[in-house]
Amino acid sequence: MTTVHLKKGRERALENRHPWIFGGAIARVEGQAQPGDLVRIVDSAGRRLAVGYYNPHSQIAVRILTWDPDETPDEAFWRGRLDAAIARRASLPGLDDTTAYRLVHAESDGLPGLIVDRYSDWLVFQSLTAGIEQRKELLAHLLMELLAPQGIYERSDADVRPREGLTDAVGPLAGEMPPPQVAITEHGRRFLVDVLHGHKTGFYLDQRENRHSVARYCAGAEVLNAFGYTGAFGVYAGTAGAQRITNLDSSAEALAAAKEHMALNGIAPERVETVTGDAFRVLRTMRDQVRRFDVIILDPPKFAFSRAQVPSASRGYKDINLQALHLVRPGGILATFSCSGSVDESLFQKILFGASLDAGREVRILERLGQSADHPVSLFFPEGTYLKGFVCQVE
Ligand code: SAH
């Protein structure tokens, strides 16, 4: 196996079990390694530390697979890791009456670079790194063996792929081709997911528990579901007894699916309003029209893709939250989210504070929300935290 020698003092991160080695920590590479190949890591004194996979094209040059330097990750290794990730889900609460959830959450499940989501009888596979790319046929074969899905579809079209020197890879990986709409159940609500073209792997599975939490505030309420995508929060609000739900999104296609989802879950069309447009503008127009809501949900897309984008992202979050605060009835609820990993919870709270000052509204945090339990965060890998949200009461 090729050996990666670390610079003096740079073994520290590994001793803390952090699974990434940046290119700058490497003194030299002894032997040949192609992107994705296995490498053994040694410190400057030659002490053997771990085994991972290598990618010279990525800033993250090595991702650690095992802290046993004598272990060779072979088929049995990968099967064991997949099996463990699947077993972890079996004991999770909140997955009853639910057929769509994340089975493998990359680094946090000891499988760096790999995402696997289950949608009823189908799996969606996302490879984020060269190391997974090189092994995707093997991994698909093992997943077929372990779970016997009808098929596995690949959606390796995430924004991080170019940083690994990879282009998009999309298409069937194993078994049958999924239908254009896969029927799923989430907490007893029904949805039809387009795993071929939908966002991420088709659905925002990470918001599942938060939809449940927010629904508890919606009985009898007029609800604005901004950045509503295919209406998932709206469906929860409607089934929880909301009087009226406005789904707002810039995508007409997503809103067409939202309408279908509302009907599929027995929410009468008279209770549903659909608004297509840019939320930043629509919320301003609604203020001019003196429209008010009892509950507003704000779930915008990722605004910051890197640390450098945090200032502009912060301005975006502040603006959209400020606009929403103007529209909440006194005593009403703002459920606000950010899925930008580089905007952490304390910064997001400061942004919200700025918006509340400018809006002249007193805001109290009632609940702090995060990603669903099937998207766990390993303490060795705090970078796995990305979704955060606040349920706030607005006076
Ligand atoms: N809450 C959704 C997920 C939202 S994803 C759920 O639980 O399923 C973010 C959504 O914001 C996407 O549907 C995208 O089309 C929409 N979007 C992006 N920019 C927008 C903008 N400026 N105005 C309105 N919608 C926008």
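First listed ligand is number 1; within each ligand, the first listed atom is number 1. We number each residue from 1, following the sequence as shown.
- In this structure, F191 has its ring center under 6.0 Å from that of H261.
- Of all protein heavy atoms, the one closest to atom 18 (C) of ligand 1 is P301 CG, 3.5 Å.
- Proximity of V363 to L334: side-chain heavy atoms (C-beta onward) are nowhere separated by under 4.5 Å.
- At the top of the distance list for atom 23 (N) of ligand 1, counting protein heavy atoms only, stands A279 N, 2.8 Å.
- Every atom of ligand 1 is numbered from 1 in the order shown, and the set under 4.0 Å from a heavy atom of Y229 is 2 (C), 3 (C), 4 (C), 8 (O), 13 (O).
- Side-chain contact annotation: Y386 with S340, donor-acceptor N/O pair under 3.5 Å absent.
- Below 4.0 Å from some heavy atom of F233 lie the following atoms of ligand 1, by number and element: 1 (N), 7 (O).
- Ring centroid separation for the pair Y317 and F303 comes in under the 6.0 Å cut-off.
- In this structure, atom 9 (C) of ligand 1 lies nearest to the protein heavy atom D299 O, 3.6 Å.
- D374 has a carboxylate O that lies under 4.0 Å from a charged side-chain N of R208, or vice versa, which qualifies the two as a salt bridge.
- When hydrogens are left out, the protein atom nearest atom 7 (O) of ligand 1 is R211 NH1, 2.7 Å; that is the closest non-hydrogen contact.
- Looking at D206 and K200, a side-chain N of the basic residue comes within less than 4.0 Å of a carboxylate O on the acidic one, giving a salt bridge.
- For the pair Q207 and ligand 1, the shortest N or O to N or O distance does not fall below 3.5 Å.
- Of all protein heavy atoms, the one closest to atom 20 (C) of ligand 1 is S250 OG, 3.4 Å.
- Proximity of G277 to ligand 1 is established by a heavy-atom distance of less than 4.0 Å.
- Looking only at protein heavy atoms, the nearest one to atom 22 (N) of ligand 1 is D278 OD1, 2.8 Å.
- Summarising the contacts of atom 16 (C) of ligand 1 with V275, D249, V235, the nearest heavy atom is found in D249.
- Y217 and E367 share a side-chain donor-acceptor pair at under 3.5 Å.
- Contact annotation: for F203 versus ligand 1, there are no heavy atoms closer than 4.0 Å.
- Under 3.5 Å, the side chains of D37 and Q34 contain no donor-acceptor pair of N or O atoms.
- Protein heavy atom at the shortest distance from atom 4 (C) of ligand 1 is F227 O, 3.1 Å.
- When only modelled atom types and interatomic distance are considered, H187 and E209 share a side-chain donor-acceptor pair under 3.5 Å.
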